[in-house]
Amino acid sequence: MKSAVETLNPTRVRLTVEVPFEELKASLDAAYKKINQQVTVKGFRQGKIPARVIDQRFGRGAVLEEAVNDALPKFYTEAVNEGELNVLGQPDVDITELKDGELLAFTAEVDIRPTLEIPDYSGIEVEVDAVEVSDDDIDKSVEQLRERFASTTPVERAAAEGDVLTIDLEAKVDGEVLEDGVAQGVTYTIGSGELLDGIDEAVKGLEAGGSATFTSELKGGSAEGKEAEVKVDVTEVKARELPELDDDFAQLASEFDTLEELKADSAKRLAQMKKYDQATQAQEKVLDELLKLVEVPMPEKLLADEIQTRKHNLVNHQLGQMGLDLAKYLEIQGKTEEEFDAETKEQAEKGIKTQFILDELVNKEKLNVSQEELTEHLMRRAQSSGMSPDQFAQAVVEGGQVPMLVGEVARGKALAVVVEAATVKDSNGEVVDLDEEDETGETVEAIAEDVVAAAEGTDTEEAAPAEEKPEA
């Protein structure tokens, strides 16, 4: 076999391959054997039909077609290896010559990873938010906990903001009651915004046994998006009572004996959360600066496939689970389809660049992934997917996604290396020391994996491994 490589642009090549006919012998034998098992000829047992009879009855062309289809992947792979190419996706193959008994010639155009030059990244500087926990932050956290321990008491008075009501609803469109427009015994807190627009104004001031009618756009059901006349009957009014903020509350809501201890613990937890957010922000900003440093030629076919994959996953997985289609989603987001397409393209380009650059850094820095690191990453992915580690691991192996997970861990380690070399300061001008592991147990590399996944678009996909998102 002879092969030659022609560079069409920095991300695409054309392979020209010539195969002497004798190298097709194994594939020809396999083709005759396959056809033998599929056809019957009077006077011959199945599987024992001579090659000359198959040629006469079914045509030599059918045999050649079968043999070439069998042989092409092997010779294409040999040509790729011979040319030391790092190919992306499937090739566009064109058979240019097929002479029976003499020669098979074909061309294959395919995208390749561009050659990248990674400049010195130690000069990257970014600013992040300072870790500051205010008294207001602590009070808000404690108040949220207090809300969880609120109790309700039936009252004989007009409903007011914050009251919990039991209501019956009946929705009409064009004067007709909808089949799915009737609900009874619904619990609703005034001011929560959990039901229909306009309901708060309708029920405020009503006592148990009172009713009102209002107009609102339906948010779901058979008449979603239509204006409906809604009748609401209040059957019960309950007042919410919050517990006193004292030591008794601290003992009720936590393992602490005093309110001051509870507040101190809230302050500690808030600081941990803000520190995690700070580390995430630092890595996101460092990644953005790194992407600016490196010129990355963009493979057009890979980009088109990535855009299509992102659209498919959004529409069929995320929106499908919420009962939305793309048109409704764009309406909610206040975006045009053109704006959505432009954003998707920008995100896809960032994902591809992130993968290319960090993979190059993995090679440059000679980073390896240990079995322990891979297992920890698998556990984290399983937890976020809602699957058990065993289920997730089985899906990874069966889907052939182990290399993908290894790549995710390696790219996380590469980003962590860049972050370590960068200068990170907070909004107060203080240098931020991103510890190897924070008090929540999250390592810098684990946070980096999350940041990389977000950039590559693999953090919002279905629970199972990303079968529809090939590794670039």
Side-chain angles (χ1 to χ4, degrees), residues 272-273 275-277 279-284 286-287 302 305-306 308-322 344 347-348 350-359 361-363 365 367-419 434-472:
Q272 290 174 350
M273 290 170 58
K275 189 173 182 181
Y276 177 87
D277 291 342
T280 301
Q281 186 183 30
Q283 303 217 29
E284 289 172 345
V286 168
L287 176 59
L302 179 65
D305 290 345
E306 176 68 10
Q308 182 59 37
T309 296
R310 286 173 180 256
K311 281 186 177 181
H312 176 86
N313 286 332
L314 174 66
V315 173
N316 293 279
H317 302 330
Q318 297 166 350
L319 297 185
Q321 291 175 355
M322 295 186 288
T344 304
Q347 292 163 357
K350 181 178 181 179
I352 293 171
K353 286 181 179 180
T354 296
Q355 192 174 125
F356 283 173
I357 293 172
L358 294 181
D359 280 347
L361 272 170
V362 169
N363 295 328
E365 302 292 344
L367 301 176
N368 296 312
V369 177
S370 68
Q371 183 63 49
E372 182 182 1
E373 290 168 333
L374 180 61
T375 300
E376 289 177 357
H377 181 64
L378 187 148
M379 298 279 284
R380 284 160 48 81
R381 283 289 299 267
Q383 185 177 15
S384 64
S385 73
M387 301 171 70
S388 72
D390 288 344
Q391 289 174 323
F392 191 84
Q394 183 178 353
V396 165
V397 173
E398 290 178 353
Q401 299 295 321
V402 173
M404 183 197 74
L405 289 189
V406 172
E408 289 177 351
V409 178
R411 287 191 286 277
K413 295 181 73 170
L415 178 56
V417 168
V418 180
V419 172
L434 297 173
D435 296 332
E436 187 64 26
E437 184 171 313
D438 67 18
E439 294 184 37
T440 65
E442 290 288 359
T443 64
V444 172
E445 290 176 358
I447 297 172
E449 289 169 16
D450 292 339
V451 171
V452 172
E456 294 181 0
T458 58
D459 65 331
T460 54
E461 310 217 344
E462 277 202 313
E467 297 177 12
E468 299 169 37
K469 188 177 181 62
E471 186 88 347

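One is the number of the first residue; the rest follow in order along the sequence. What you see is a predicted model; the values in this text were computed from it and never measured.
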Flag the pair [X] / [Y] as yes when at least one side-chain heavy-atom distance between them is below 4.5 Å, and no otherwise.
X      : Y      : value
Leu405 : Glu408 : yes
Asp359 : Arg411 : yes
Leu415 : Leu287 : yes

Minimum-distance pair of heavy atoms, taken over all atoms of [X] and [Y]:
X      : Y      : answer
Ala455 : Arg310 : O-NH2, 3.6 Å
Leu361 : Ala414 : CB-CB, 4.0 Å
Pro389 : Ala382 : CA-CB, 3.8 Å
Glu373 : Val369 : OE1-CA, 3.4 Å
Leu434 : Ala282 : CD1-CB, 4.0 Å

Taking atom [atom1] of [X] and atom [atom2] of [Y], what is their separation to the nearest 0.5 Å?
X      : Y      : atom1 : atom2 : result
Met387 : Leu378 : CE    : CG    : 9.5 Å
Asn313 : Gln308 : CG    : CD    : 10.0 Å
Leu302 : Gln355 : CG    : CD    : 8.0 Å
Arg381 : Asp450 : CZ    : CG    : 10.0 Å
Asp277 : Glu284 : CG    : CD    : 9.5 Å

**OP:** List in chain and number order the residues that pass side-chain hydrogen bond (donor to acceptor under 3.5 Å, both in side chains) with Gln383, two or more places apart in sequence or in another chain; answer none if no residue qualifies.
**Re:** none

Original post:
Is the side chain of Lys413 donor-acceptor paired with the backbone N or O of Val362 at a distance under 3.5 Å, no angle test?
Top reply: no

**OP:** Report yes or no: does Gln283 contribute a side-chain atom to a donor-acceptor pair with the main-chain N or O of Val444 at less than 3.5 Å?
**Re:** yes

Subject >> Test side-chain hydrogen bond (donor to acceptor under 3.5 Å, both in side chains) applied to His377 and Glu372, Glu445, Glu449, the passing residue >> reply: Glu449

Subject >> Salt bridge flag under 4.0 Å for residues Arg380 and Glu376 >> reply: no

Subject >> Partner set under side chain to side chain contact (heavy atoms under 4.5 Å, CB included) for Gln281, not counting sequence neighbours >> reply: Val128, Asp129, Lys285

Per-pair distances, 0.1 Å, donor-acceptor, side chain in residues 390-397, under 3.5 Å, sequence neighbours excluded:
| residue | atom | partner | partner atom | Å |
| --- | --- | --- | --- | --- |
| Gln391 | OE1 | Ser388 | N | 3.1 |
| Gln391 | OE1 | Ser388 | OG | 3.3 |
| Gln394 | NE2 | Glu398 | OE2 | 2.9 |

